[in-house]
Amino acid sequence: EVDRLTEKGFNLVAVNKAGSNFAVLYNNGWGPLKDARVRRALGMLVNRQRFNRIGMEGLGEVRCIPYPKASIGYDAEQATRCKFDPEAAKKLLAEAGYPNGFELEINSSQQANAMFPILASMLQDAYAQVGVKAKIADSDVAGYRAKMIASKFQVHVHNYGRAAKDPSALFAAAVPWRYNKSNWTQFRNAEYERLVIAGSGTIDEQARKKIYHDIIEILYDQQHLTVVQTQPLYFASRKGVKGIEGSPDGFFSFRNATVD
């Protein structure tokens with residue numbers, strides 16, 4: 001729609017360029033996904049570049065980690081470590097006891113986000129390469145959210161916010177990143193909890209950098225979810241409307257807006 005609206009003369013403003021991110025959530029309490037090796041294997045089957053190229057038509061940025069470049073938690077090596085690697089994924093599944101794969105369901109909703117079915121379909125295709133047979137359950141928003149909130153999903157396509165804020169805000173407010181029982185993935189890790197609490201309780205910059213670096217190491221090891229890419233949001237206005245801006249929270253600001 002971006003190209004079509006631009007061709008028709010609309011002004012487009014991109015807001016929340018880094019604050020909203022697509023992710024794949026894994027139910028850490030379900031069957032094969034209780035094993036971190038299986039979750040890591042599924043993480044290797046997320047083809048970020050393909051989703052960006054086909055699903056997002058090049059908009060947004062692929063992501064391995066939740067922090068944008070301006071964040072205190074950003075680490076260039078960690079930010080480029082993730083790879084699409086079906087061969088390595090298959091070996092890891094065999095190591096975990098699933099050489100022939102297994103069956104699972106992907107929770108998705110066209111109503112909730114038009115990109116969710118595209119991401120789910122790409123996951124389904126990639127999983128098939130290693131013998132994992134995935135069924136896509138596309139529900140209305142109510143059904144999709146009910147499974148999510150009750151942790152009744154197996155694999156869940158999702159988008160979370162607050163990634164452009166300080167990491168302490170992300171880990172406190174974005175549900176998939178919480179350390180307590182409110183996390184829909186049922187992820188529990190004592191060291192992760194300790195680090196999240198420590199990060200919000202210190203103002204020492206170097207200490208915080210180390211804390212948020214170590215949190216990402218836990219993410220790579222435990223893979224309770226897989227970060228995919230940003231979801232930029234656009235506002236379209238007719239010619240003559242000027243001064244519409246994005247706010248730090250990812251919303252629209254009309255403070256300086258004018259109409260010719």
Side-chain angles (χ1 to χ4, degrees), residues 16 18-36 38-40 42-43 45-46 51 55 63 65-67 102-124 127 132-190 192-193 195-197 199-200 215 218-219 222-231 233 249-251:
N16 206 18
S20 181
N21 287 258
F22 289 102
V24 182
L25 277 54
Y26 310 111
N27 189 334
N28 291 210
W30 175 80
L33 297 181
K34 293 179 180 178
D35 192 325
V38 174
R39 300 194 299 270
R40 290 201 301 271
L42 295 189
L45 296 170
V46 176
F51 177 66
R63 285 279 170 85
I65 63 176
Y67 316 133
F102 54 91
E103 296 182 1
L104 59 74
E105 180 181 274
I106 302 173
N107 188 36
S108 177
S109 175
Q110 169 79 27
Q111 285 187 7
N113 190 304
M115 295 296 103
F116 284 170
I118 297 173
L119 178 56
S121 179
M122 289 184 177
L123 292 175
Q124 184 183 50
Y127 292 171
V132 174
K133 301 176 180 64
K135 172 187 175 183
I136 299 174
D138 193 90
S139 309
D140 59 18
V141 174
Y144 166 84
R145 288 186 57 81
K147 283 184 179 180
M148 175 182 72
I149 293 170
S151 299
K152 296 297 184 183
F153 62 88
Q154 293 162 15
V155 171
H156 174 84
V157 289
H158 184 68
N159 65 331
Y160 63 88
R162 302 176 179 85
K165 292 179 175 289
D166 185 87
S168 61
L170 170 71
F171 296 125
V175 178
W177 292 102
R178 293 177 185 169
Y179 61 78
N180 55 31
K181 63 182 180 181
S182 65
N183 189 323
W184 303 314
T185 69
Q186 302 190 68
F187 173 61
R188 305 289 182 274
N189 183 281
Y192 180 84
E193 177 177 353
L195 289 169
V196 170
I197 294 172
S200 64
I215 284 176
I218 292 175
L219 172 64
Q222 293 299 306
Q223 200 80 192
H224 75 284
L225 62 78
T226 300
V227 179
V228 181
Q229 82 148 71
T230 61
Q231 182 185 21
L233 302 178
D249 285 333
F251 296 105

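In this chain, numbering begins with 1 at the start of the sequence shown. All values below were derived from every heavy atom in this structure, side-chain atoms included, with hydrogens, water molecules and symmetry-related copies excluded.
- The shortest non-hydrogen separation linking Ala173 to Arg162 is CB-CD, 3.1 Å.
- For the pair Gly55 and Met122, the tightest heavy-atom approach, listed with the atom from each and the gap, is N-CE, 4.2 Å.
- From Ile218, atom CD1 reaches atom CG of Leu195 across 5.0 Å, with rounding to the nearest 0.5 Å.
- Just one residue in the list Asn113, Leu119, Asn21 forms a side chain to side chain contact (heavy atoms under 4.5 Å, CB included) with Asn159, and that residue is Asn113.
- Between the side chain of Ser109 and the backbone N or O of Asp138 there is no donor-acceptor pair closer than 3.5 Å.
- Taking the six-membered ring for Trp and the full ring otherwise, the centers of Trp184 and His224 sit at least 6.0 Å from each other.
- Put simply, the side chain of Gln111 gets close to the backbone of Val141: a donor and an acceptor are under 3.5 Å apart.
- Considering Leu123, Val24, Val157 as possible partners of Val228, the one that fulfils the side chain to side chain contact (heavy atoms under 4.5 Å, CB included) test is Val24.
- For Glu103, the CD atom sits in a loose shell: 12 or fewer heavy atoms of surrounding residues, nucleotides or ligands are nearer than 6.0 Å.
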Can you list the steps and then say if Leu33 with Asn28 is a side-chain contact (heavy atoms from CB on, under 4.5 Å)? CA-CA 5 Å; Leu33 297 181; Asn28 291 210; 5.9 Å; no

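- The two atoms that bring Leu170 and Gly161 nearest to each other are CD1-O, 3.7 Å, heavy atoms only.
- Here the closest heavy-atom approach between residue Asn107 and residue Met148 is recorded as ND2-N, 4.3 Å.
- Aromatic ring centres of Phe187 and Tyr179 lie farther apart than the 6.0 Å criterion allows.
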Full working for salt bridge (charged side-chain N to carboxylate O under 4.0 Å, His left out) between Lys147 and Glu105: CA-CA 12 Å; Lys147 283 184 179 180; Glu105 180 181 274; 2.9 Å; yes

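- Listed for the Arg39 side chain is no donor-acceptor partner under 3.5 Å among the backbone atoms of Leu225.
- In this structure, CG on Leu219 lies 7.5 Å from OG1 on Thr226, to the nearest 0.5 angstrom.
- A donor-acceptor pair under 3.5 Å is formed between the side chain of Asn183 and the backbone N or O of Pro176.
- Counted by atom type alone, Gln154 and Asn27 present zero donor-acceptor pairs between their side chains at under 3.5 Å.
- Aromatic ring orientation, Phe116 versus Phe22: perpendicular (interplanar angle above 60°, classes split at 30° and 60°).
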Go through Val175 and Tyr160 one step at a time and tell me if the side-chain contact (heavy atoms from CB on, under 4.5 Å) criterion holds. CA-CA 8 Å; Val175 178; Tyr160 63 88; over 6 Å; no

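- Under the 4.5 Å side-chain criterion, counting only non-hydrogen atoms from C-beta, Lys181 is in contact with Arg188.
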Kindly indicate, with the supporting measurements, whether the criterion side-chain contact (heavy atoms from CB on, under 4.5 Å) is fulfilled by Phe153 and Val155. CA-CA 6 Å; Phe153 62 88; Val155 171; 5.9 Å; no

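- For Arg178 and Glu193, the salt-bridge test fails: no basic side-chain N is under 4.0 Å from an acidic carboxylate O.
- Side-chain contact between Ile215 and Val196 is present, with at least one heavy-atom pair separated by less than 4.5 Å.
- Using bins of under 30°, 30° to 60° and over 60° for the plane-to-plane angle, the ring pair His156/His158 lands in the tilted bin.
- Across every non-hydrogen atom of Ile106 and Ala134, the tightest pair is CD1-CB, 3.8 Å.
- Shortest non-hydrogen contact noted between Lys165 and Ala169 is CB-CB, 3.9 Å.
- For the atom pair CD (Gln186) and CG (Leu25), the distance works out to 11.5 Å, reported to the nearest 0.5 Å.
- Proximity of a side-chain donor or acceptor of Ser200 to a complementary backbone N or O of Ile197 within less than 3.5 Å is detected.
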Evaluation steps, side-chain contact (heavy atoms from CB on, under 4.5 Å), between Tyr127 and Leu104: CA-CA 10 Å; Tyr127 292 171; Leu104 59 74; 4.1 Å; yes

